[in-house]
Amino acid sequence: MTEATAKPGDATALARLRTAARALARRLSVDGRTGVIALPYAWLFVFFFVPFVIVAKISLAQMVLQRPPYTAFLLWPDGQTWPTIQVFWSNYAWLLQDPLYWIAYLNSLKIALVSTVLCLLVGYPIAYGIARTPATVRTLLLLMVILPFWTSFLLRVYAWIGILKQKGLINAALMSLGIIDQPLDMLHNDFSVYVGIVYSYLPFMILPLYATLEKLDVSLLEAAEDLGARPIRAFFTVTVPLSLPGILAGSMLVFIPAVGEFVIPSLLGGPDTLMIGKILWNEFFSNRDWPVASAVTIVLILVLVIPIVILQRQQVKAQEALE
Amino acid sequence: MTRRLSPFVITMMVFGFAFLYGPIVSLIVYSFNESKLVTVWGGFSTKWYGELVRNEQILEAAFLSLKIALMTGAIAVVFGTLAGMALARYGSFRGRTFFTSLVTGPLVMPDVIIGISLLLMFVSTQQWFGWPQGRGVDTITIAHATFCMAYVTVIVQSRMSALDGSIEEAALDLGARPAKVFFTVTLPIIAPACIAGFLLSFTLSLDDLVIASFVSGPGSSTLPMVVFSKVRLGVSPQINALATIIVGIVTIAVILAGILMHRQEKRRQADIQQALQQAGY
């Protein structure tokens, strides 16, 4: 624009303008790189990291009947040069005293752990089978593992109510076949929660397992068999150790979100299914005690830090292997 | 690696896929059931679909959810692609470890944690800076974009790491400006990953109940929030009809995407072949 409107006479000005434009472009290309990092970095910092700091701050407040419903962190009365920090440890003391929270944390860990093991037991043979089918079928099978992930999670969990309830599909089928005379209690207990978690998170287990099993070198298995190992033994001494990264990644992808699961225990669980996600929800929406809910959140994050670090180490390693 | 499968593995695969698809099939079948009871087959009927399209609460919520999902997809694709590029191409930069944890954190962090922490942040910033003015579409979109971005980043990053950077370097060596290289070389290569990331963000946003429940305000109930309040009271055939429609759309979309990608790949291979022939190989 500027070049086009400039008079042909002032050639030096034009040249100077060009140099300046080039210098600016060079500056921008350097800053372009910084911008590529800075934009998502800033977004995630503001909307993912800062919220945790605020939760930590509010977990040290006390509930009050005003808006916002918690005490201030900084007290800054008129005439005082420096603000005073107001900290209450009472929420954490409350979590320690009330066995409800302990039971809920431990129960969530137990349910998540058992579900992870179940996912592994069900998912491993499927991933193994997919990795060994011919390439054309393999693409289709993989697509079929991913497809449920694209349909509503909430609705897929809801489907199990119709299947498991007293007059649901399974009970009706078993009773019409004469296998049972009394309907089985399969809904609103721990059993249905396990079914729901395994069902919902199975693809998260299968995909990383498949990724490691697919890369596995068949000649290693053949070598083991040539040396006289039976298939079962070759499987446990060669295949399983080599697929350990996949096992670890899949287990963490199931375990971590399962600990904090809310939808599955509230739709499929019973009144005595204590899971921390449900407690947190109730503390927040029913009791409206934001500081206690914040303390519950902070403890939950601390509980999940170890598995999250394991998962991230694993991902960094996988990424390095790729590069 | 192709090897013969043992009967055990085949049985497990059959049961596994039956387990994954049985509930979805049951949802679809009973959406056409005349009777309101799940186990009683009252004959074929589409009346629940009729009731669904006349249910204004659900329609309104569906419209709102679609709006949020579109905006979420757009934001998540832009920021996620940038983050994926940074992780795949820039090697080690200052703060990379922290950046990686910020990116992968939302992938596994339980929804309740993301929801409550974002809500408390919105409440605090409203108190400090007067933003946001109440909660609703904007806050839900920001929350969704934050966790969807992580998925886009992972997809774009893995696509870019799998491709070598020499084409981009060649373009730079030939004098193209970085921005030009991005739009003419990098973007066409990673476009499938970006599209996949957009679609995934769109779906995840459309599907989210927990985070939206925390950061929504009065009058901004998304589709999952309405569905959840209905489903809590028990089985409702209208919801089955809704599920069937969603499964139908997703299946068609996935099949179409598969065909398109297959064609594009074929064309690419043909182009490469042609280029090689012209070069005299």
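Below, chain A is the first sequence line, B the second, and so on; all start at residue 1. This one's a predicted model, so the numbers in the text were calculated from it and none came from an experiment.
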Item to complete: Could you look at B:I10 and say if it's the side chain, the backbone, both or neither that has a heavy atom under 4.5 Å from chain A?
Response: neither
Worksheet entry | Pairwise side-chain contact, B:L120 with A:P51, heavy-atom cut-off 4.5 Å (strictly under) | no
Fill in: For B:L82 against A:V36, the heavy-atom pair lying closest together
O-CG1, 3.4 Å
Worksheet item: Which answer fits A:F262, side chain, backbone, both or neither, if we ask what part of it has an atom under 4.5 Å from a heavy atom of chain B?
Response: side chain
Item to complete: Identify which part of B:L199 has an atom lying under 4.5 Å from any heavy atom of chain A, answering side chain, backbone, both or neither.
Response: both
Worksheet item: Looking at A:L280, A:L311, A:L155, which makes the most heavy-atom pairs under 4.5 Å with chain B?
Response: A:L155
Worksheet item: Is there side-chain contact between B:M121 and A:V55, with at least one heavy-atom pair below 4.5 Å?
Response: no
Worksheet item: At their closest point, which heavy atom of B:V108 faces which heavy atom of A:I256, and how far apart are they?
Response: O-CG2, 3.4 Å
Worksheet item: So with a 6.0 Å cut-off around CG of B:L233, is the heavy-atom count from everything else above 12?
Response: yes
Worksheet item: Between A:P125 and B:V9, which heavy-atom pair has the shortest distance, and what is it?
Response: O-CG1, 3.6 Å
Worksheet item: Given that the side chain runs from C-beta out, which part of B:N240 has a heavy atom under 4.5 Å from chain A: side chain, backbone, both or neither?
Response: both
Discussion item. Is the shortest side-chain heavy-atom distance between B:V231 and A:L154 below 4.5 Å?
Written reply: no
Practice prompt. Please say whether more than 12 non-hydrogen atoms of neighbouring residues, nucleotides or ligands are located less than 6.0 Å from CZ in B:F17.
Written response: yes
Discussion item. Looking at every heavy atom in both B:M13 and A:L141, which two are closest together, and how far apart are they?
Written reply: CE-CD1, 3.5 Å
Practice prompt. Under 4.5 Å heavy-atom distance to chain A, tell me which part of B:I142 shows up: side chain, backbone, both or neither.
Written response: both
Fill in: B:F19 backbone acceptor or donor facing A:Y199 side chain under 3.5 Å
no
Worksheet item: Rounded to the nearest 0.5 Å, what separation is found between the CG atom of A:L304 and the CD1 atom of B:I113?
Response: 5.5 Å
Worksheet item: So which part of B:V247 gets closer than 4.5 Å to some heavy atom of chain A, the side chain, the backbone, both or neither?
Response: both
Item to complete: Determine the option with the most heavy-atom pairs under 4.5 angstrom with chain A, choosing from B:I249, B:I246, B:V254.
Response: B:V254
Fill in: Contact summary for A:I163 and B:P23, nearest pair of heavy atoms
CD1-CA, 3.7 Å
Fill in: A:F284 side chain reached by B:V112 side chain, heavy atoms, under 4.5 Å
no
Practice prompt. Pick whichever of A:R156, A:M144, A:M252, A:E261 has the most heavy-atom pairs under 4.5 Å with chain B.
Written response: A:M144
Fill in: Trace of the side-chain contact (heavy atoms from CB on, under 4.5 Å) decision for B:L209 with A:F153
CA-CA 9 Å; B:L209 164 75; A:F153 163 73; over 6 Å; no
Worksheet, complete the sentence: Residue from A:Y124, A:F47, A:F52, A:Y41 scoring the most non-hydrogen pairs under 4.5 Å with chain B is A:Y41
Worksheet item: Is it the backbone or the side chain of B:S213 that comes under 4.5 Å from a heavy atom of chain A, or both, or neither?
Response: both
Discussion item. Parallel, tilted or perpendicular: which one describes the rings of A:F45 and B:F98, with boundaries at 30° and 60°?
Written reply: perpendicular
Item to complete: Would you confirm whether the ring centroid of A:F285 sits within less than 6.0 angstrom of the ring centroid of B:F214?
Response: yes
Worksheet item: In terms of heavy-atom proximity below 4.5 Å to chain A, should B:T146 be classed as side chain, backbone, both, or neither?
Response: both
Discussion item. Under 4.5 Å from any heavy atom of chain B, what part of A:V259 do you find: side chain, backbone, both or neither?
Written reply: neither
Discussion item. Quick one, A:P257 and B:D111 - any side-chain contact, counting heavy atoms below 4.5 Å?
Written reply: no
Worksheet item: Which bit of B:S101 comes within less than 4.5 Å of chain A, counting heavy atoms only: side chain, backbone, both or neither?
Response: both
Fill in: Proximity of A:Y158 and B:F228 rings by center, below 6.0 Å
no
Practice prompt. May I have the step-by-step check of side-chain contact (heavy atoms from CB on, under 4.5 Å) for B:D207 and A:W150, ending in yes or no?
Written response: CA-CA 9 Å; B:D207 197 21; A:W150 290 80; over 6 Å; no
